[in-house]
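These notes are about the structure you will find just below.
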Amino acid sequence: MRVAVAGGTGLVGRLVVDAARERGHDVVVLARSEGVDLTTGSGLAERLAGVDAVIDTTNQASQRRAQAEAFFGGVTRTLLAGGAAAGVGHHVVLSIVGIDDVDTGYYAGKRLQERVVAEGAVPWTVLRATQFHEFAEQVLGFARVGPFSVVPRMLTRPVAAREVAQALVELAAGAPVGRAPELAGPDRWQLVDLARRVSEARGLGRRVVPVRLPGAAGRAMRAGALTPSGDGPRGRVTFDEWLAER
Ligand SMILES: NC(=O)c1ccc[n+]([C@@H]2O[C@H](COP(=O)([O-])OP(=O)(O)OC[C@H]3O[C@@H](n4cnc5c(N)ncnc54)[C@H](OP(=O)(O)O)[C@@H]3O)[C@@H](O)[C@H]2O)c1
């Protein structure tokens with residue numbers, strides 16, 4: 001099978017590329033650093049020739065609603081138009097557990113991405129996953145003042161990005177299913193505890209300052225809205241195993 005990985009140079013996208021190659025698939029990477037800009041579509045048509053499935057792991061960092069919606073909506077429309085023209089049979093998107101219940105600008109962008117895919121012309125699968133184990137390290141850099149890192153109080157059930165990548169490749173090789181069962185890691189954690197553990201294990205010297213994010217979104221995150229409520233596949237790699245590996 002020929003698979004195009006949009007965002008295949010990113011944190012999880014790189015692991016999708018590895019997982020697809022390990023299974024013997026032919027891989028095409030779609031990213032600006034590979035000559036494809038998915039906000040404009042430049043370079044896309046020629047890369048999609050002969051592609052059976054697209055796996056979208058693109059990302060942008062802004063929390064602003066307008067910017068997040070412009071990126072996730074725009075990139076998705078571009079990929080679907082290119083996919084329909086090239087006869088791509090399956091469009092697979094990585095999304096996030098709980099985005100309907102936590103109204104942030106970033107999640108508004110992810111919700112729009114899912115809607116555009118569901119209304120699009122290419123048969124689709126959306127996999128919602130929880131935060132990656134790597135998120136605990138990223139969050140230490142979001143709001144820093146001297147040695148202090150401000151970390152939101154939130155309940156999470158983190159999963160190894162590697163296992164998310166493997167799940168995306170498996171889904172892409174199967175028939176489109178629409179919304180796939182939500183993927184989460186083996187254990188529930190407070191994000192501030194994960195951030196402290198990662199800082200200690202890596203000798204980063206960050207002092208974690210927990211903060212209660214205001215409003216309904218903050219309350220929902222503390223109450224576990226970003227963890228799955230039903231059954232579904234669970235990753236096996238624990239946070240501590242992941243930490244010890246690196
Ligand atoms: N972090 C988490 O815990 C988590 C959990 C569940 C789901 N997710 C989802 O996983 C996805 C990937 O996240 P990530 O952290 O792995 O992303 P990332 O490391 O920030 O990588 C983003 C990728 O998107 C590409 N990209 C950005 N703008 C582009 C453009 N205009 N055209 C083409 N490619 C573009 C980048 O490559 P270039 O810079 O070369 O263009 C890069 O390959 C996101 O959709 C996120 O919502 C994340």
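Atoms within a ligand are numbered from 1 in the order they appear, just like the ligands themselves.
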Seminar exercise, completed: Within the 4.0 Å heavy-atom cut-off, what D37 brings close to ligand 1 is both

Exercise. In the single-linkage hydrophobic clustering (I, L, V, M, F, W, Y; side-chain heavy atoms under 4.5 Å), do F142 and L11 co-cluster?
Worked result: no

Seminar exercise, completed: Numbered in order shown, the ligand 1 atoms found under 4.0 Å of a heavy atom of Q131 are 3 (O), 5 (C)

Problem set entry | Heavy-atom nearest neighbour in the protein, as seen from atom 32 (N) of ligand 1, with distance rounded to 0.1 Å | L38 N, 2.9 Å

For this session: Answer with yes or no whether T130 contacts ligand 1, where contact means a heavy atom under 4.0 Å from a ligand atom.
Result: yes

Problem set entry | Closest protein heavy atom (residue, atom, distance) for atom 33 (C) of ligand 1 | V36 O, 3.4 Å

Exercise. Please state which protein non-hydrogen atom is closest to atom 14 (P) of ligand 1 and give its distance, to 0.1 Å?
Worked result: N59 ND2, 3.9 Å

For this session: Report yes if the side chains of Q60 and Y106 come closer than 4.5 Å at any heavy-atom pair, otherwise no.
Result: yes

Exercise. Can you tell me which residue and heavy atom of the protein come closest to atom 44 (C) of ligand 1, and the distance to 0.1 Å?
Worked result: T58 O, 3.3 Å

Exercise. Tell me, do V237 and W242 make a side-chain contact under 4.5 Å, heavy atoms counted?
Worked result: yes

Exercise. Does A195 offer a backbone N or O that forms a donor-acceptor pair with the side chain of S199 under 3.5 Å?
Worked result: no

Exercise. Which of the atoms of ligand 1 are close to S33, meaning less than 4.0 Å from one of its heavy atoms?
Worked result: 40 (O)

For this session: Report yes or no: does D52 contribute a side-chain atom to a donor-acceptor pair with the main-chain N or O of R2 at less than 3.5 Å?
Result: yes

For this session: Check the pair S149, R206 against side chain to side chain donor-acceptor pair (under 3.5 Å), reporting the backbone distance first and the verdict last.
Result: CA-CA 6 Å; S149 287; R206 304 305 303 165; 2.9 Å; yes

Exercise. For G10, is at least one N or O under 3.5 Å away from an N or O on ligand 1?
Worked result: yes

Problem set entry | L226 side chain near Y107 side chain, heavy-atom distance below 4.5 Å | yes

Exercise. How does E34 reach ligand 1, if at all, at less than 4.0 Å between non-hydrogen atoms: by side chain, backbone, both, or neither?
Worked result: neither

Problem set entry | Check: V93 and W124 side chains under 4.5 Å, non-hydrogen atoms | no

Exercise. Does A6 reach ligand 1, in the sense of a heavy atom lying below 4.0 Å from it?
Worked result: no

For this session: Can you pull out the closest protein heavy atom to atom 34 (N) of ligand 1? Residue, atom name and distance to 0.1 Å, please.
Result: A31 CA, 3.5 Å

Exercise. Is a donor on one side and an acceptor on the other found under 3.5 Å between the side chain of R236 and the backbone of P186?
Worked result: no

Problem set entry | Sole candidate of L194, V139, V209 that passes side chain to side chain contact (heavy atoms under 4.5 Å, CB included) when paired with V151 | V139

Exercise. What part of S95 sits under 4.0 Å from ligand 1 if we count only heavy atoms: the side chain, the backbone, both or neither?
Worked result: backbone

Exercise. Taking atom types as modelled and ignoring hydrogens, do the side chains of T58 and D56 form a donor-acceptor contact shorter than 3.5 angstrom?
Worked result: yes

Problem set entry | Protein contact of atom 35 (C) of ligand 1 - nearest heavy atom, named by residue and atom, plus distance | R32 NE, 4.1 Å

For this session: Ignoring angles and geometry beyond distance, decide whether V12 reaches within less than 3.5 Å of ligand 1 through its nitrogen or oxygen atoms.
Result: yes

Seminar exercise, completed: the protein heavy atom lying closest to atom 47 (O) of ligand 1 turns out to be Y106 OH, 2.6 Å

Exercise. Does an N or O from F132, backbone or side chain, lie closer than 3.5 Å to an N or O of ligand 1?
Worked result: yes

Problem set entry | Protein contact of atom 43 (O) of ligand 1 - nearest heavy atom, named by residue and atom, plus distance | T9 OG1, 2.6 Å

Exercise. Are any of the N/O atoms in F72 less than 3.5 Å from those in ligand 1?
Worked result: no

